[in-house]
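Notes for the one structure printed next.
Whatever order the structure lists ligands and atoms in, that order sets their numbers, starting from 1.
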Amino acid sequence: MGIAGSARLGRVTDVVEPLRVGVLGARGRMGVEVCRAVDKAEDLDLVAMIDQGDWLFNASDAGAQVVVDFTTPDVVLDNLHWCIDQGINVVVGTSGFTDERIARVRGWLEKKPEVGVVIAPNFGIGAVLMMEFAERAARYFDSVEIIEQHHPKKVDAPSGTALHTARLIEQARKAAGLGEMPDATTEEMPGARGAEVGGVRVHSVRAAGLVAHQEVLFGAAGELLTIRHDSFDRASFMPGVLLAIREVAKRPGLTLGLAALL
Ligand SMILES: NC(=O)C1=CN([C@@H]2O[C@H](COP(=O)(O)OP(=O)(O)OC[C@H]3O[C@@H](n4cnc5c(N)ncnc54)[C@H](OP(=O)(O)O)[C@@H]3O)[C@@H](O)[C@H]2O)C=CC1
Ligand SMILES: O=C(O)C1=N[C@H](C(=O)O)C[C@H](O)C1
């Protein structure tokens with residue numbers, strides 16, 4: 001807890017209470033890391049750690065002002081809906097946010113305009129920059145493909161980061177008036193050319209030893225630009241998660257992506 005005020009005048013003028021934070025998915029790979037980071041931050045108070053089978057009301061009973069969700073794509077929407085209904089601000093890292101899901105979240109927020117929600121496909125600062133650089137490069141190249149690589153326990157493919165990157169590239173190519181890519185899409189075996197997301201081929205690798213990695217390959221006559229980001233440790237996501245926790249209540253409505261907070 002920080003005390004702001006004038007010690008010189010011999011009185012305390014303002015006491016800043018720590019922000020009360022609850023974590024959903026608290027026993028998961030990310031949840032454990034988030035609990036540790038929140039617990040270490042002096043301006044934050046970890047008031048609820050909730051996982052599969054626990055009662056969501058533990059978060060509201062504990063007076064959580066912000067809930068962080070790193071659960072799974074199949075439960076995150078229900079969690080989010082409940083938090084918004086309770087008037088609790090939410091920071092969401094869980095993947096699986098299609099345009100349709102985002103529209104539903106916007107609908108819930110219309111009824112609770114004072115609530116802030118930040119949904120970010122990737123909280124790594126380097127990953128956010130990788131996506132920005134890819135968006136910037138997109139207009140200059142004929143061909144683009146994304147290769148994302150993750151740990152073997154990842155439940156979804158392609159990754160949320162790859163989907164977001166593909167959409168940014170799609171929009172940038174469209175804005176630049178670029179047409180379809182010139183590259184062959186025929187395949188002798190299904191999946192050989194990856195999944196097609198907004199016209200961009202996305203290839204998903206899952207292997208022991210990996211954490212979270214992505215390459216965006218841009219090709220043009222006689223040259224190839226590769227933009228790569230590696231998360232070797234989940235600690236890489238924590239500065240972004242803490243930033244979103246501190247900012248979310250100041251931004252009512254939906255904020256998509258960490259870039260808006262940097
Ligand atoms: N935005 C970002 O920067 C990042 C996003 N992610 C995303 O975060 C999500 C979680 O990843 P990760 O930590 O690796 O996954 P884990 O499977 O390790 O963690 C998910 C946790 O949520 C628990 N859980 C399941 N259902 C509920 C529920 N209804 N309420 C509360 N907890 C529940 C799971 O329990 P159980 O195992 O018993 O089912 C598990 O402990 C994924 O979607 C991943 O893609 C990951 C890293 C970074
Ligand atoms: O499951 C993970 O690990 C990750 N998930 C997010 C995604 O789907 O993009 C973010 C990061 O890639 C790690």
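In the hydrophobic clustering of this structure, Met30 does not group with Val90; members are Ile, Leu, Val, Met, Phe, Trp, Tyr whose side-chain heavy atoms approach within less than 4.5 Å, directly or through other members. Note on Val91 and Met238: same hydrophobic cluster, where clusters join Ile, Leu, Val, Met, Phe, Trp and Tyr whose side-chain heavy atoms are under 4.5 Å apart, directly or indirectly. Using a 4.5 Å cut-off between side-chain heavy atoms of Ile, Leu, Val, Met, Phe, Trp and Tyr, with links allowed through other members, Phe97 and Val115 fall into the same hydrophobic cluster. Hydrophobic clustering, with ILVMFWY side chains joined whenever heavy atoms are under 4.5 angstrom apart, keeps Leu46 apart from Ile50.
Counting non-hydrogen atoms of other residues, nucleotides and ligands closer than 6.0 Å to CD of Glu187 gives a total above 12. Heavy atoms from other residues, nucleotides or ligands lying under 6.0 Å from CE of Met130 number more than 12.
In terms of modelled atom types and a separation under 3.5 Å, the side chain of Asn89 and the main chain of Gln65 share a donor-acceptor contact.
Listed by chain and residue number, Lys154 satisfy the salt bridge (Lys or Arg N to Asp or Glu O under 4.0 Å) test with Asp156 (two or more places apart in sequence, or in another chain). Considering only residues two or more places apart in sequence or on other chains, Lys153 meets the salt bridge (Lys or Arg N to Asp or Glu O under 4.0 Å) condition with none of them. Residues meeting the salt bridge (Lys or Arg N to Asp or Glu O under 4.0 Å) test with Arg206, sequence neighbours left out: Glu148.
Close contacts between ligand 1 and Val75 involve ligand atoms 26 (N), 27 (C), 28 (C), 29 (N) [criterion: under 4.0 Å to a heavy atom]. Listed by number with element, the atoms of ligand 1 under 4.0 Å from a non-hydrogen atom of Ala120 are 1 (N).
For the atom pair CD of Gln149 and OG of Ser231, the computed distance is 12.5 Å after rounding to the nearest 0.5 Å. The CG atom of Leu217 sits 8.5 Å away from atom NE2 of His203, with the distance rounded to the nearest 0.5 Å.
Of all protein heavy atoms, the one lying nearest to atom 4 (C) of ligand 1 is Phe70 CE2, 3.6 Å. Closest protein heavy atom to atom 43 (O) of ligand 1: Ser95 OG, 2.7 Å. Distance from atom 3 (O) of ligand 1 to its nearest protein heavy atom, with residue and atom name: Phe123 N, 2.8 Å. Remark: minimum distance from atom 23 (C) of ligand 1 to any protein heavy atom is reached at Asp51 OD1, 3.4 Å. Looking only at protein heavy atoms, the nearest one to atom 26 (N) of ligand 1 is Gln52 OE1, 3.5 Å. The protein non-hydrogen atom at the shortest distance from atom 7 (C) of ligand 1 is Gly93 O, 3.5 Å. Distance from atom 19 (O) of ligand 1 to its nearest protein heavy atom, with residue and atom name: Gly28 CA, 3.3 Å.
Residue-level proximity to ligand 1 for Phe237 is carried by the side chain, the only part with a heavy atom below 4.0 angstrom. Only the side chain of Lys154 comes within 4.0 Å of ligand 1, judged by heavy-atom distances.
For atom 45 (O) of ligand 1, the nearest protein heavy atom is under 4.0 Å away.
Of all the listed residues (Arg29, Met30, Arg27, Lys153), Arg29 holds the heavy atom that lies closest to atom 17 (O) of ligand 1. When Val32, Thr94, Asp54, Thr71 are checked for heavy-atom proximity to atom 10 (C) of ligand 1, Thr71 turns out nearest.
By the 4.0 Å heavy-atom criterion, Pro121 is counted among the residues contacting ligand 1.
A salt bridge between Arg167 and Glu170 is absent, with no side-chain N of the basic residue lying under 4.0 Å from a carboxylate O of the acidic one.
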Name each N or O atom in ligand 2 that is under 3.5 Å from a protein N or O, and give the partner atom and the distance.
| from | atom 1 | to | atom 2 | distance (Å) |
| --- | --- | --- | --- | --- |
| ligand 2 | 1 (O) | Lys154 | NZ | 2.9 |
| ligand 2 | 3 (O) | His151 | NE2 | 3.0 |
| ligand 2 | 5 (N) | Lys154 | NZ | 3.1 |
| ligand 2 | 8 (O) | Lys154 | NZ | 2.7 |
| ligand 2 | 8 (O) | Gly160 | N | 2.8 |
| ligand 2 | 9 (O) | Gly160 | N | 3.3 |
| ligand 2 | 9 (O) | Thr161 | N | 2.8 |
| ligand 2 | 9 (O) | Thr161 | OG1 | 2.5 |
| ligand 2 | 12 (O) | His150 | NE2 | 2.6 |

